[in-house]
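Following: one structure in structure tokens, then a few remarks.
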Amino acid sequence: MKKLSHYDSSGRASMVDVSEKKATKREAEASAQVIMSKAVLKALPQNPKGDPLEVARIAGIQAAKRTSELIPMCHPLPLSHVDVDIQLCENGVSITSRVTTTAESGVEMEALVAASVAALTVYDMCKALDKGIEIREVVLLRKSGGKSGEYRREKAKKK
């Protein structure tokens, strides 16, 4: 049975020692959804603060690079590539982040932080129009590399 890795033998939170791991190529992809009204969607191009989607894209990239400063047990990683894609959809905005490194630890958290901060930035840029905007489904879509190998999220079943 697997166990949580960020605890020492006495139960204290600790950073995992990755010094014995091999640096390998590791990738992760995450997503987030920002649900908003049609009126907010229509107003996006006229936002006086600038293009909310472009600002959010840049915020997501910056956030990925600072993940170890935000999540206490994350290792600082040399990121090879960060991409944040933001698309308008019928009920809001769909965000996908992709992060790559060659390191001893994976980039799942960097991808999740990128998607989360991009979603929060969309909210910040649009909250003047509607405080009821919702951020939903921040999830890891896939990861590759490292000891645990491949992971791919299964598609949610329609109810």
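All figures in this text were calculated on a predicted structure; none of them were measured in a lab. The figures here come from the full heavy-atom set of this structure, side chains too, leaving out hydrogens, waters and symmetry mates.
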Cluster overlap Val34 with Ile58, hydrophobic side-chain contacts below 4.5 Å: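 No, Val34 does not connect to Ile58 through the hydrophobic network.
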Same apolar cluster: Leu53 and Leu120, side chain cutoff 4.5 Å: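 Yes, same cluster.
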What are the two closest heavy atoms between [X] and [Y], and how far apart are they?
X	Y	value
Ser94	Gln33	OG-NE2, 3.4 Å
Leu41	Asn91	CD1-C, 4.2 Å
Ala32	Val138	CB-CG2, 3.8 Å
Val122	Pro52	CG2-O, 4.5 Å

Residues which pass side chain to side chain contact (heavy atoms under 4.5 Å, CB included) with Val40, listed by chain and number, not counting sequence neighbours: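 Side chain to side chain contact (heavy atoms under 4.5 Å, CB included) list for Val40, sorted by chain: Met36, Ser37, Cys126, Leu129, Asp130, Ile133.
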Test side chain to side chain contact (heavy atoms under 4.5 Å, CB included) applied to Arg152 - qualifying residues, sequence neighbours left out: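 Result, side chain to side chain contact (heavy atoms under 4.5 Å, CB included) vs Arg152: Arg142.
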Distance check, rounded to the nearest 0.5 Å: [X] atom [atom1] versus [Y] atom [atom2]?
X	Y	atom1	atom2	result
Arg26	Leu77	CZ	CG	9.0 Å
Asp51	Met125	CG	CE	7.5 Å
Glu137	Ile95	CD	CD1	12.0 Å
Leu141	Tyr151	CG	OH	8.5 Å
Lys131	Tyr123	NZ	OH	6.5 Å

Chi angles and distances behind the side-chain contact (heavy atoms from CB on, under 4.5 Å) call for Glu29, Thr96: CA-CA 7 Å; Glu29 184 175 343; Thr96 305; 3.3 Å; yes
Contact check, side chains of Arg153 and Val139, non-hydrogen atoms, under 4.5 Å: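 In contact.
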Considering only distance and modelled atom types, tabulate donor-acceptor pairs under 3.5 Å from the side chains of residues 99-117, sequence neighbours left out.
residue: Thr101; atom: OG1; partner: Pro78; partner atom: O; Å: 2.5
residue: Ser116; atom: OG; partner: Leu112; partner atom: O; Å: 2.8

Within residues 79-90 or reaching into it, pairs that qualify as side-chain hydrogen bond (donor to acceptor under 3.5 Å, both in side chains) - sequence neighbours excluded: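 Listed once each, the pairs are Asp83-Arg98, Asp85-Gln87.
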All pairs passing side-chain hydrogen bond (donor to acceptor under 3.5 Å, both in side chains) where residues 55-67 contributes a residue, at least two apart: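 Checked against side-chain hydrogen bond (donor to acceptor under 3.5 Å, both in side chains) - neighbours excluded - the pairs reaching residues 55-67 are Glu54-Arg57, Arg66-Glu69.
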Verdict with reasoning, Ser144 to Lys25, per side-chain contact (heavy atoms from CB on, under 4.5 Å): CA-CA 8 Å; Ser144 63; Lys25 183 175 181 181; over 6 Å; no
Pairs meeting criterion salt bridge (charged side-chain N to carboxylate O under 4.0 Å, His left out) with involvement of residues 116-126, two or more places apart: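 Checked against salt bridge (charged side-chain N to carboxylate O under 4.0 Å, His left out) - neighbours excluded - the pairs reaching residues 116-126 are Asp124-Lys127.
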